[in-house]
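Residue numbers run from 1 in the order of the sequence given.
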Amino acid sequence: MSFSAGITDVHGDVNQTRDGRIVTSGSGVTTFFDDVTHNGVEIRTFLGSKTVFFGEQTGECNFTGTGVVEYAGDLRPGNSPAAVSYEGDVFFNSSVRSFFELGGLNQGQFDQLLIDGDFHVDGSLFVSLINGHTLGADQFYLIGEVGGTLSGQFAGLDEGDVVGTFGGRDLFITYARPGIHGVGLFTAVPEPSTLLLITCGAIGLGVVRRRRIKIWRT
């Protein structure tokens, strides 16, 4: 599908597969009011143009062109999960519900947006663990890598706020981690006192085990 200039409204679900392409050019605005699954070659938005999603958008393929991709509905990146790239700017408005799945620490194991342009953050964030993944100490997930300007934040989530608690461990959010430009999720680093207690406990357990072995042998 190709749209050029003016305003184009698309109603009904769109399921793009294999060689499928959606292109918006000529300073046009293409708005999808229902669900869009993007597993095709590209959704291309040329500079000065905009592609808007009001329904649910999912799929693992990339967004090309240096125009604006705007979300106003539900975003579920990838196909459980994936890293999805954007050559242009990405804009979340206040009605967006973003669902990110964490299934591991490596790229491709958790949902991630790789944005070459600017990223404006807004709306609600929902995080879930999949594929048996569990949280440990000092873990980091860069869910939004930004090449341009990062602005805004998810509703109710200031810098360092708790996004959720999984298996008794808190997951926090950051928009300003040193050395990283983007939005990340992280778990806390154990305090030295906690590490000392763990170490002492392990040593004590070893002593107890050795004593029990001696008792069993007599």
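Leu171 has its side chain within reach of Leu135: a pair of non-hydrogen atoms, C-beta onward, lies under 4.5 Å apart. Side-chain contact between Thr30 and Lys50: absent, with no pair of heavy atoms (C-beta onward) separated by less than 4.5 Å. Proximity of Tyr86 to Val69: side-chain heavy atoms (C-beta onward) are separated by under 4.5 Å at one or more points. Looking only at side-chain heavy atoms (C-beta outward), Leu114 and Gln107 come within less than 4.5 Å of each other. The side-chain heavy atoms of Val162 and Leu157, taken from C-beta on, include no pair separated by under 4.5 Å. With contacts defined as side-chain heavy-atom distances shorter than 4.5 Å, the pair Phe32/Asp9 does not qualify. Side-chain atoms of Val127 and Leu102, non-hydrogen and from C-beta on, do get closer than 4.5 Å to each other. Put simply, the side chain of Val23 does not reach to within 4.5 Å of the side chain of Met1, judged on heavy atoms.
A donor-acceptor contact shorter than 3.5 Å is absent between the side chain of Asp35 and the backbone of Asp13. At distances below 3.5 Å, not a single donor-acceptor pair connects side-chain atoms of Asp118 with backbone N or O atoms of Asp89. Side-chain atoms of Asn39 come within 3.5 Å of backbone N or O of Glu60 as a donor-acceptor pair. Asp170 places no side-chain N or O within 3.5 Å of a backbone atom of Thr165 that could act as its donor or acceptor partner. Of the possible donor and acceptor atoms, one in the side chain of Asn62 sits under 3.5 Å from a partner among the backbone N and O of Ser85. No donor-acceptor distance shorter than 3.5 angstrom exists from the side chain of Asp74 to the backbone of Glu56, with no hydrogens or angles considered. Judged by distance alone, with hydrogens and angles left aside, the side-chain atoms of Thr187 form a donor-acceptor pair with the main-chain N or O of Asp138 at under 3.5 Å. Panel note: side chain Thr58, backbone Arg76; a donor-acceptor pair is recorded below 3.5 Å.
The nearest pair of heavy atoms linking Gly108 to Pro81 is O-CG, 3.7 Å. Closest non-hydrogen pair, Phe92 versus Ser98, comes out as CE2-OG, 3.3 Å. Across all non-hydrogen atoms, the minimal contact from Gly78 to Ala82 is CA-CB, 3.5 Å. Closest approach of Val163 to Leu125, counting heavy atoms only: CG1-CD2, 4.3 Å. Across every non-hydrogen atom of Ser95 and Ala72, the tightest pair is OG-O, 2.6 Å.
The cluster map of Ile, Leu, Val, Met, Phe, Trp and Tyr, joined by side-chain heavy atoms under 4.5 Å apart, puts Val121 and Val68 in different clusters. One hydrophobic cluster holds both Leu105 and Ile173 under the rule that ILVMFWY side chains link at heavy-atom gaps under 4.5 Å. At a threshold of 4.5 Å between side-chain heavy atoms, the hydrophobic network of Ile, Leu, Val, Met, Phe, Trp and Tyr places Val84 and Val41 in two separate groups. Note on Val96 and Phe91: separate hydrophobic clusters, where clusters join Ile, Leu, Val, Met, Phe, Trp and Tyr whose side-chain heavy atoms are under 4.5 Å apart, directly or indirectly. No continuous path of hydrophobic side-chain contacts links Leu113 to Val52 [ILVMFWY only; heavy atoms under 4.5 Å].
Glu159 and Thr174 are linked by a side-chain donor-acceptor pair at a separation below 3.5 angstrom, with hydrogens and angles left out of the test. Using modelled atom types and a 3.5 Å distance limit, the side chains of Thr51 and Glu70 yield no donor-acceptor pair. Under 3.5 Å, the side chains of Thr66 and Glu87 contain no donor-acceptor pair of N or O atoms. Counting only N and O atoms by type, the side chains of Asp122 and Ser94 include no donor and acceptor under 3.5 Å apart. With 3.5 Å as the limit, one finds no donor-acceptor pair spanning the side chains of Ser49 and Thr24.
Listed by chain and residue number, nothing satisfies the side chain to side chain donor-acceptor pair (under 3.5 Å) test with Thr8 (two or more places apart in sequence, or in another chain). Residues that satisfy the ring pair (Phe, Tyr, Trp, His ring centres under 6.0 Å) test with Phe166, not counting sequence neighbours, are absent from this structure. Partners of Phe100 by ring pair (Phe, Tyr, Trp, His ring centres under 6.0 Å), not counting sequence neighbours: none found. By the side chain to side chain donor-acceptor pair (under 3.5 Å) test, Tyr175 is found to be paired with no residue, residues two or more places apart in sequence or in another chain being considered.
In this structure, His38 and Phe63 have perpendicular ring planes: the angle between them is above 60°, well past the 30° mark. Classification of the Phe53-Tyr71 ring pair by plane angle, with boundaries at 30° and 60°, yields parallel. The aromatic rings of His11 and Phe33 sit parallel, their planes meeting at an angle under 30°, below the 60° perpendicular limit.
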Take Phe154 and Val183, measure what side-chain contact (heavy atoms from CB on, under 4.5 Å) needs, and give me the verdict at the end. CA-CA 10 Å; Phe154 288 107; Val183 182; 4.2 Å; yes
side-chain contact (heavy atoms from CB on, under 4.5 Å), that's the test. Do Phe3 and Ile22 meet it? Break it down for me. CA-CA 8 Å; Phe3 309 99; Ile22 298 173; 4.1 Å; yes
Could you go through Glu101 and Ser80, starting from their C-alpha distance and side-chain angles, then the distance that decides it, and tell me whether this counts as side chain to side chain donor-acceptor pair (under 3.5 Å)? CA-CA 7 Å; Glu101 297 174 324; Ser80 297; 3.2 Å; yes
Can you list, pair by pair, the side-chain donor-acceptor contacts under 3.5 Å of residues 141-151, counting residues two or more places apart and other chains?
unit_1 : atom_1 : unit_2 : atom_2 : d
Tyr141 : OH     : His133 : NE2    : 2.7
Tyr141 : OH     : Gln139 : OE1    : 2.9
Ser151 : OG     : His120 : ND1    : 3.0

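The hydrophobic cluster around Phe99 extends to Phe126, counting ILVMFWY residues whose side-chain heavy atoms fall within less than 4.5 Å of a member.
Rounded to the nearest 0.5 angstrom, Asp19 CG and Glu42 CD are separated by 11.5 Å.
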